[in-house]
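Being a predicted model, the structure only gives us computed values, none of them experimental. The sequence lines fix the lettering, A, B, ..., with proteins before strands; numbering per chain opens at 1.
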Amino acid sequence: MQLNLPARPPFSFSSVVRSHGWMQLAPFILDQDSGDLRYAHQLASGRVVDLLLQAAPGGEGVRVKTGADLDKAEAAEVARKVGWMLGLDMDFSTFYARARRTPKLAQAEAEARGRVLRSATFFEDTVKTILTTNTSWAGTIRMVGTLVEQFGAPLPDEPERRAFPTPGRLAQSDVATLRNETRLGYRAPYVLELAQAEAGGELDLEAYKTNDLPTPELRKALLAIKGVGPYAAANLLMLLGRYDYLPVDSWALKVVSHEWHAGEPIDPAEVEAAFEDWGQWKGLAFWFWDWDYKWDYKDEETA
DNA sequence: GGTAGACCTGGACGC
DNA sequence: GCGTCCAGGTCTACC
């Protein structure tokens with residue numbers, strides 16, 4: 001079965017996929033040669049499907065292929081989820097108008113930068129974000145991979161590949177297993193607590209995708225999640241399309257320091273100050289800035 | 001409100 | 001091979 005989904009121009013499938021490191025995290029698999037992205041996903045019905053995402057001919061959208069025969073409701077769910085993951089209808093025209101006048105962002109529109117790859121559910125993105133904190137990128141890849149391997153539902157025709165675990169499945173686990181076998185370390189209780197809250201209905205992360213709370217209030221709600229601090233909240237807000245806060249981590253301190261402070265140690269306030277006048281586009285300007293300092297997470301992975 | 005120390009893991013390094 | 005140190009954000013207790 002095949003779906004062709006249009007995107008608001010400008011759109012580049014490759015730009016979205018390579019917007020950050022998510023395509024290296026299970027259950028995503030990126031084919032480096034073709035640029036195609038595979039994603040195992042468990043639908044609301046419980047069925048696990050393999051989605052092959054690729055640039056549509058002409059580059060104006062995305063083509064979704066799956067070996068599964070989807071009924072009407074399942075096809076609509078896949079279209080909705082993929083639309084969210086790739087931000088197909090997002091509009092960056094205001095950002096581009098400003099970026100055109102900024103040499104370090106001059107290519108943003110031509111390269112269709114702005115969209116960042118997201119997981120199918122905000123629960124998945126929240127867990128993944130917690131697993132990026134206080135560890136190396138290789139550690140994040142390992143933890144997410146093990147979590148999917150141990151708790152994800154398998155694809156019927158390819159059982160070694162699994163979907164990201166549902167909150168309900170993770171909620172049935174326990175801290176000792178997550179800590180010692182999944183090797184999440186001290187993050188184990190955070191992930192378990194999050195899964196239990198989501199599965200029990202005390203939390204509805206999926207609703208965060210569409211709610212219209214002012215960003216500071218949404219941030220406050222995210223900060224109330226154990227394991228989510230200022231960096232993780234800003235990262236999650238970016239994934240929700242809110243760019244008013246910067247995800248200041250050690251990488252941010254490094255690139256800003258080399259860009260404007262001759263490599264001298266700086267504090268988070270100086271990172272914020274560097275992008276203060278970008279207002280609601282702060283996060284995007286920061287994320288797609290053409291830094292002088294070229295180190296990024298990929299260096300660590302291939303080191 | 002600000003700060004110090006603890007939390008885990010894996011990699012680098014010295015022996 | 002073993003032990004030690006360090007980097008990576010967040011939480012909690014304390015001032």
Side-chain angles (χ1 to χ4, degrees), chain A residues 20-22 24-26 116 122-151 170 173-198 202-203 205 208 216-240 242-258 261 263-275 282-283 286-287 291 293-303:
Chain A
H20 62 147
W22 253 215
Q24 297 180 332
L25 301 180
V116 286
F122 193 55
F123 170 74
E124 181 175 332
D125 277 338
T126 306
V127 172
K128 285 176 173 174
T129 298
I130 290 173
L131 299 185
T132 65
T133 59
N134 204 26
T135 187
S136 63
W137 180 242
T140 300
I141 292 175
R142 177 190 57 75
M143 287 187 273
V144 174
T146 310
L147 199 65
V148 169
E149 193 184 316
Q150 292 181 329
F151 301 102
L170 279 181
S173 181
D174 56 82
V175 171
T177 303
L178 291 170
R179 188 191 295 269
N180 304 322
E181 293 177 28
T182 319
R183 303 193 70 74
L184 302 188
Y186 70 91
R187 303 168 196 82
Y190 303 157
V191 170
L192 183 63
E193 195 175 305
L194 181 69
Q196 288 173 337
E198 183 76 2
E202 300 139 49
L203 197 60
L205 289 170
Y208 288 11
E217 283 181 43
L218 192 51
R219 178 174 183 266
K220 202 180 285 180
L222 292 170
L223 288 172
I225 298 170
K226 284 272 183 63
V228 174
Y231 159 78
N235 192 60
L236 288 169
L237 286 170
M238 285 254 296
L239 292 172
L240 290 172
R242 315 279 192 115
Y243 313 109
D244 329 38
Y245 292 88
L246 295 179
V248 181
D249 59 1
S250 54
W251 173 78
L253 293 169
K254 194 172 286 187
V255 291
V256 171
S257 160
H258 279 84
H261 301 276
E264 292 297 313
I266 59 170
D267 59 37
E270 288 170 283
V271 178
E272 295 283 343
F275 289 91
K282 219 173 169 181
F286 163 79
W287 198 251
W291 300 105
Y293 190 75
K294 295 301 182 192
W295 178 91
D296 71 7
Y297 62 86
K298 294 185 223 49
D299 296 336
E300 188 180 319
E301 191 220 3
T302 54

Could you check which residues of residues 182-195 of chain A get a heavy atom under 4.0 Å from DNA chain C? Sort them by number, please.
-> A/Y186, A/Y190
Which part of the nucleic acid, if any, lies within reach of A/I225 when heavy atoms closer than 4.0 Å are counted: base, sugar-phosphate only, or nothing?
-> sugar-phosphate
For A/F286 and A/W291, run ring-ring contact (aromatic ring centres under 6.0 Å, His included): C-alpha distance rounded to whole Å, both residues' side-chain angles, the deciding distance at 0.1 Å, then the answer.
-> CA-CA 9 Å; A/F286 163 79; A/W291 300 105; 5.7 Å; yes
Just to confirm, is there a sub-4.0 Å distance from OP1 or OP2 of B/dT9 to any side-chain nitrogen or oxygen of A/R142?
-> no
side-chain contact (heavy atoms from CB on, under 4.5 Å) with A/M143: which residues, sequence neighbours excluded?
-> A/L131, A/T135, A/L184, A/R187
Name all residues meeting the salt bridge (Lys or Arg N to Asp or Glu O under 4.0 Å) criterion together with A/E149; count only those two or more places apart in sequence or in a different chain, and write none if there are none.
-> none
Would you please name every residue forming a side chain to side chain donor-acceptor pair (under 3.5 Å) with A/Q150, sequence neighbours left out?
-> A/T182
Qualifying salt bridge (charged side-chain N to carboxylate O under 4.0 Å, His left out) pairs with a residue from residues 123-139 of chain A, counting only residues at least two apart or across chains = A/E124-A/K128
From the 5' end of DNA chain C to its 3' end, which nucleotides mark the outer limits of contact with chain A, defined by a 4.0 Å heavy-atom distance cut-off (strictly under)?
-> C/dG8 to C/dT12
Is there side-chain contact between A/H20 and A/W287, with heavy atoms separated by less than 4.5 Å?
-> yes
Candidate pair A/V228 and A/Y190, rule side chain to side chain contact (heavy atoms under 4.5 Å, CB included), full reasoning | CA-CA 9 Å; A/V228 174; A/Y190 303 157; over 6 Å; no
Apply side chain to side chain contact (heavy atoms under 4.5 Å, CB included) to A/T132 and A/W137, showing your working.
-> CA-CA 7 Å; A/T132 65; A/W137 180 242; 4.2 Å; yes
Walking DNA chain C from its 5' end, the first of A/K226 and A/D249 to be reached, judged by nearest nucleotide, is A/D249
